[in-house]
Protein chains: 2
Amino acid sequence: MYEKYVKTLKDHSIKITSQRLEILKYLNEHHTHPNVEEIYSELKKKHPSLSRTTVYNSLEILKKNKIVQSLTISGSELRYDIEESLHHHFLCKKCGAILDISITCPNMDRTLDGGHRVEEVQGYFKGICKNCQTTEKGRRTNG
Amino acid sequence: MYEKYVKTLKDHSIKITSQRLEILKYLNEHHTHPNVEEIYSELKKKHPSLSRTTVYNSLEILKKNKIVQSLTISGSELRYDIEESLHHHFLCKKCGAILDISITCPNMDRTLDGGHRVEEVQGYFKGICKNCQTTEKGRRTNG
DNA sequence: TACTAAATTGTAATAATATCAAATTAGAAA
DNA sequence: TTTCTAATTTGATATTATTACAATTTAGTA
Ligand SMILES: [Mn+2]
Ligand SMILES: [Mn+2]
Ligand SMILES: [Zn+2]
Ligand SMILES: [Zn+2]
């Protein structure tokens with residue numbers, strides 16, 4: 001059940017704790033880019049002793065080890081995501097969904113403007129998602 | 001002196017106030033992507049009655065009118081920038097500088113993943129800036 | 001099985017931003 | 001130019017996300 005996450009932590013020499021395993025599992029199973037509060041309140045249901053501070057601490061150490069990444073696309077709080085292949089993100093201004101975008105960025109791992117060394121790239125796209133456009137049209141037609 | 005900024009506000013039918021003019025002037029003259037506190041404390045020197053709330057409110061209305069834009073690249077607070085031609089940003093992890101990057105993004109004003117309507121694109125690059133690399137090398141060589 | 005450094009917990013502090021009501025003012029109308 | 005009013009500014013207070021910290025617990029090693 002948790003072997004996969006145990007391995008991930010071992011590979012990075014991070015101590016294995018149930019809290020960390022649960023957080024990793026949650027992120028692996030929910031690619032919705034949740035914020036700390038969502039992760040905390042969801043896991044709290046099954047593990048009532050969980051502390052918010054632990055969620056913050058765990059995400060921090062996972063981030064340092066590049067196992068998860070944080071996004072600032074929402075503007076108001078950090079959103080979390082497991083680090084898989086490089087991808088970008090789309091924020092729907094109507095429904096708030098944050099979606100994965102798999103376009104290749106021609107500027108990763110490059111030296112920019114003749115000198116800046118790039119270690120991270122984040123592409124944020126904002127607009128109206130496919131689904132919300134359909135709904136708009138639907139509403140107009142129906143009502 | 002302020003004609004340029006008066007015109008900008010008039011063109012958008014935004015009421016002309018000294019506070020708004022000062023903020024616009026500040027952003028036009030400082031392309032350092034300052035946060036609210038920097039703008040506030042700098043302008044406060046010359047205009048002691050200025051309120052932080054006004055800085056927040058003004059930036060908000062300027063943003064709604066696409067006269068300024070906000071960046072979340074720093075993670076902890078919003079940074080502001082006048083909206084000129086589309087450009088992206090580089091954050092130096094060493095000195096904290098936020099620099100303009102003028103690369104063309106092939107994904108603006110497009111429809112992504114067969115349906116999402118893109119209205120905004122922000123490209124965030126993070127790493128070590130040219131200047132900080134020179135310093136590193138210099139240090140190593142010299143000491 | 002015992003030990004210890006690291007992790008977890010809960011509380012309290014901080015920082016950024018939002019809310020609100022009273023005072024002021026920009027700009028339209030008279 | 002003066003009057004009027006809706007919009008803006010102000011300052012105080014509230015809220016929210018995040019960090020700091022000290023006491024308790026625990027993972028993993030010896
Ligand atoms: Mn993602
Ligand atoms: Mn810029
Ligand atoms: Zn949507
Ligand atoms: Zn630098």
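Note on naming: letters A, B, ... go to the chains in the order of the sequence lines (proteins, then strands), and numbering restarts at 1 for each one.
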Earlier contact from the 5' end, DNA chain D, for B:Q19 and B:G75 = B:Q19
Salt bridge B:E22-B:K46, side-chain N to carboxylate O under 4.0 Å | no
Taking 4.0 angstrom as the limit, do A:K63 and A:E83 come out as a salt bridge?
-> no
With DNA chain C as reference, determine whether B:Y56 or A:K15 sits nearer its 5' end, using the nearest nucleotide of each.
-> A:K15
Figure out the CD1/C1' separation between B:I14 and C:dA26, and round it to whole Å.
-> 14 Å
Electrostatic pair B:K126-A:E119, nearest N-O below 4.0 angstrom = no
Measure from CG on B:L9 to C1' on D:dA7 and round the result to the nearest Å.
-> 14 Å
Between A:R52 (CZ) and D:dT16 (C1'), how many Å, whole number?
-> 11 Å
Can you tell me if NZ on A:K4 sees more than 12 non-hydrogen neighbours from other groups inside 6.0 Å?
-> no
Side chain of A:T53, base of D:dA20: donor and acceptor closer than 3.5 Å?
-> yes
Check: B:H89 ring centre within less than 6.0 Å of B:H87 ring centre | yes
B:I61 side chain, from C-beta outward: closest of D:dT8, C:dT9, C:dT17 = D:dT8
note: A:L59, atom CG; C:dA7, atom C1'; distance rounded to Å ~ 14 Å
Ranking B:T17 and A:S49 by the position along DNA chain C of their nearest nucleotide, the one closer to 5' is A:S49
Protein-nucleotide distance (B:H47, atom NE2; D:dT9, atom C1'), rounded to Å | 14 Å
Assign A:E37 to base, sugar-phosphate, or nothing according to its heavy-atom contacts below 4.0 angstrom with the strands shown.
-> nothing
Whole-Å distance between C:dA6 P and A:K64 NZ?
-> 13 Å
Check every strand shown and say whether B:N35 touches a base, only sugar-phosphate, or nothing at a heavy-atom separation below 4.0 Å.
-> nothing
Let me know, please, whether A:S76 or A:S18 comes out on the 5' side of the other along DNA chain D by nearest nucleotide.
-> A:S76
Expressed in angstrom and rounded to an integer, what is the separation of B:L50 atom CG from C:dT25 atom P?
-> 14 Å
Examine C:dA26: is either OP1 or OP2 under 4.0 Å from a nitrogen or oxygen in the side chain of B:R20? Give yes or no.
-> no
Whole-Å distance, B:L21 CG to D:dT9 C1', equals 14 Å
